[in-house]
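This report concerns only the one structure given below.
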Amino acid sequence: MAAPSIEDWIAINDLFIRYATALDHGEVETIIGCFTEDATIESPVMGSFSGQAAIREFAQRNANVLEAGAQMRHVISNVQMEIEGNSARASAYLLNYLTKDGACELLSPGEYDCRLVKGGGKWRFSYRLVKLDKAVVIEGR
């Protein structure tokens, strides 16, 4: 695998940001649009989700946290990637914050380990593994 072009680097970073902010705002359709139709998400908090219908369930469960009066903030940094043709592997550090009833807490630092595919000029996640440094339970998910 090779280092990305500046265009691919920007596009993949934008994908990570779009995904994280969509989670934080409960934007179900935006989350779904970040993934290929056959994508898989594996999360120690939420479980495993494969395919577009399951990704929709994942996104809606995240949106339910907002509807319950909480606010999530997914802070992503240290994005690294390697690209081979229309495939990439990318990772990023993750900080998850939860604010509810006036209290804010860092749930757990962690890391995303992702596979991406470029199609139609757009990068999308085909696989996302969430690795957290400690176990987390979030009510409403």
Side-chain angles (χ1 to χ4, degrees), residues 1 3-141:
M1 291 203 164
S5 68
I6 190 67
E7 292 84 9
D8 285 333
W9 190 87
I10 290 169
I12 290 172
N13 271 276
D14 180 66
L15 177 63
F16 273 91
I17 293 165
R18 198 165 3 108
Y19 170 76
T21 56
L23 280 175
D24 296 342
H25 293 101
E27 297 170 355
V28 172
E29 296 304 319
T30 301
I31 294 167
I32 294 166
C34 291
F35 290 88
T36 61
E37 289 189 17
D38 61 346
T40 297
I41 298 173
E42 291 186 47
S43 164
V45 176
M46 305 274 296
S48 184
F49 301 83
S50 293
Q52 198 166 42
I55 302 288
R56 179 177 299 282
E57 177 190 342
F58 167 85
Q60 187 58 57
R61 284 175 57 190
N62 274 282
N64 292 345
V65 172
L66 298 175
E67 293 169 8
Q71 178 63 60
M72 295 287 296
R73 296 288 183 216
H74 293 77
V75 181
I76 297 170
S77 66
N78 299 14
V79 177
Q80 294 184 333
M81 64 194 78
E82 292 182 329
I83 295 175
E84 186 172 318
N86 289 328
S87 297
R89 182 160 187 173
S91 64
Y93 288 173
L94 167 68
L95 297 174
N96 271 327
Y97 293 92
L98 176 68
T99 302
K100 186 169 183 177
D101 300 326
C104 181
E105 67 175 309
L106 171 62
L107 298 175
S108 177
E111 185 175 5
Y112 287 133
D113 181 7
C114 305
R115 309 285 183 306
L116 301 92
V117 176
K118 187 176 186 180
K122 287 181 71 173
W123 285 100
R124 290 187 178 86
F125 298 114
S126 60
Y127 176 77
R128 164 159 278 186
L129 173 63
V130 181
K131 299 185 255 182
L132 298 178
D133 295 349
K134 70 173 189 162
V136 173
V137 176
I138 301 173
E139 294 178 34
R141 281 192 171 175

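One is the number of the first residue; the rest follow in order along the sequence. The figures that follow rest on heavy atoms only: side chains count, while hydrogens, waters and symmetry mates do not.
- Residue S91 forms a side-chain contact (heavy atoms from CB on, under 4.5 Å) with just one option from E111, E82, M81, and that option is E111.
- At least one side-chain heavy atom of I83 sits under 4.5 Å from a side-chain heavy atom of I12.
- To the nearest 0.5 angstrom, Q71 atom CD is 6.5 Å from H25 atom NE2.
- Here OG1 of T30 is found 8.0 Å from CZ of R18. Values are rounded to the nearest 0.5 Å.
- Heavy-atom contacts from other residues, nucleotides or ligands closer than 6.0 Å to CD of Q60 number more than 12.
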Derivation of the side chain to side chain contact (heavy atoms under 4.5 Å, CB included) call for S108 and D133: CA-CA 6 Å; S108 177; D133 295 349; 4.0 Å; yes

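- Among residues at least two apart or in separate chains, there is no ring-ring contact (aromatic ring centres under 6.0 Å, His included) pair with a member in residues 78-113.
- A distance of 12.5 Å separates CD of E84 from CZ of R89, quoted to the nearest 0.5 Å.
- Applying the side-chain hydrogen bond (donor to acceptor under 3.5 Å, both in side chains) test to T21 and every residue at least two apart in sequence or in another chain returns nothing.
- Considering CG of D38 and CD1 of I55, their distance stands at 9.5 Å, rounded to 0.5 Å.
- In plain terms, the two heavy atoms of F49 and A54 that are nearest each other are CD2-O, 3.3 Å.
- Smallest separation of non-hydrogen atoms from L66 and G26: CD1-N, 3.2 Å.
- Within the 3.5 Å criterion, the main-chain N or O of M72 finds no donor-acceptor partner in the side chain of N96.
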What pairs of donor and acceptor atoms, side-chain ones from residues 116-132 against any protein atom, are under 3.5 angstrom apart with sequence neighbours left out?
from, atom 1, to, atom 2, distance (Å)
K118, NZ, D8, OD1, 3.0
W123, NE1, D8, OD1, 3.0
R124, NE, G33, O, 3.3
S126, OG, R115, O, 3.3
Y127, OH, E42, OE2, 3.0

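- Considering CG of N62 and CG of L23, their distance stands at 5.0 Å, rounded to 0.5 Å.
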Using side chain to side chain contact (heavy atoms under 4.5 Å, CB included), reason through V45 and L107 one step at a time and then give a plain yes or no. CA-CA 11 Å; V45 176; L107 298 175; over 6 Å; no

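- The CZ atom of F35 sits 7.5 Å away from atom SG of C114, with the distance rounded to the nearest 0.5 Å.
- Counting all heavy atoms, side chain and backbone alike, D24 lies closest to H74 at OD1-ND1, 2.6 Å.
- Side-chain atoms of D14 do not come within 3.5 Å of backbone N or O of I10 as any donor-acceptor pair.
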Would I17 and I76 count as a side chain to side chain contact (heavy atoms under 4.5 Å, CB included) here? Give the steps. CA-CA 7 Å; I17 293 165; I76 297 170; over 6 Å; no

